[in-house]
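In each ligand, atom 1 is the first atom listed, and ligand 1 is the first ligand listed. Residue numbers run from 1 in the order of the sequence given. Values below: every heavy atom of this structure, side chains too, minus hydrogens, waters and symmetry copies.
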Amino acid sequence: MHPFSFTKAANTREALDAGRRGGRYIAGGTTLVDLMRETVERPETLVDISDLPLHEVTVTERGGLRIGALVSMAETAAHPKVRALFPVISEALELSASAQLRNMATIGGNIMQRTRCTYFRDVTADCNKRDPGSGCAALHGFNRSHAILGTSDDCVATHPSDVAVAFAALEATVHLLGPDGERRAPFADFLLRPGNTPDREQALRRGELITAVEIPALPRPLKSGYLKVRDRQSYEFALTSAAVALHVRGGVIREARVAAGGVGTVPWKLPAVERHLIGERPSEDLWAAAAEKAAEGARPLENNRFKVELLKRTVERQLRIVGGTK
Ligand code: SF4
């Protein structure tokens, strides 16, 4: 591990001052400390923000949710309002990491976590994300776990978060605070596809920190849930996953929110699937036909062609679980 200095921010002003000077924010530290041990990350200054007042989950005026950036994954998953209003969030969190990690890791840190591409974590391998311009060892290496959507010639790594897939499906908003004040970013714009700058992963300005994630109100009744497919039953990242939320009234699907994980360089919203569902009556044929659209535009690599079919089956299965069949 490289030498670094450590400071604990007593309030938001202290945090932003340190962030403006190039300090890296840390709270749970479950990703960043690992990467520092492996010398993938070499921050000069860490700024502990865990005392900032960002620890609350609240219901918004319209019936959405605002989740403070420092609420732990475990607290968020267990929160009665999260469970009642958006079970897809609780399910995604409970299928993530381990109980110990969920107790430490925060919602803000979860979104900010970096890829699990093994070449990224191997400092002897070429990796444009870790070392811009060095190449991408995964392109012609062992790329079974890598992305099939949103890739570029410079990077094919997946975003590893489960709850970010739920946030993408629900069209969340990220609340940010920086030296220039507060702003909001649609979740879809916050996490960046690699393009030719895979080292730039979030639309963050210098010194900005995440203060909350807001989930918009959706028409009720709303059923939602998360399905994760992986090589082993626990403590494993997704090969594919699907977050689904459906509002069905009078036997017709009025609203549909669908996104996939484990397949995209960012959590992958599936608007073609959503469009296929809206205005239709739930049926086995509908789930299958909608899921056929899940892999549109996919560019599989040598070792992950199986993900195309697996993605469609994951989406179909989760549509059936959430939507039932009449
Ligand atoms: Fe690095 Fe991305 Fe290539 Fe992995 S896929 S080696 S993270 S550039």
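Inspection of the His175 and Glu214 side chains reveals an N or O donor paired with an N or O acceptor under 3.5 Å. For the residue pair Ser5 and Thr45, a side-chain donor N or O sits within less than 3.5 Å of a side-chain acceptor on the partner. Ser134 and Asp126 form no side-chain donor-acceptor contact under 3.5 Å, judged by distance and modelled atom types alone.
Under 4.0 Å from ligand 1, not a single heavy atom of Leu139 appears.
Atom 5 (S) of ligand 1 has its closest protein heavy atom at Val156 N, 3.3 Å.
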Side chains of residues 245-253: which donor-acceptor pairs under 3.5 Å do they make with residues two or more places apart or in other chains?
unit_1	atom_1	unit_2	atom_2	d
His247	ND1	Pro221	O	2.8

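Note on ligand 1: Asp154 sits in its first shell, one or more heavy atoms being nearer than 4.0 Å.
Using a distance-only test at 3.5 Å, with no hydrogens or angles considered, no donor-acceptor pair links the side chain of Thr158 to the main chain of Thr265.
Pairs of residues two or more places apart, or lying in two chains, that qualify as salt bridge (charged side-chain N to carboxylate O under 4.0 Å, His left out) and include a residue from residues 61-84 are Arg83-Glu94.
The tally of protein N/O/S atoms under 2.8 Å from atom 1 (Fe) of ligand 1 stands at 1.
When the ring pair (Phe, Tyr, Trp, His ring centres under 6.0 Å) test is applied to Phe120, no partner is found at least two apart in sequence or on another chain.
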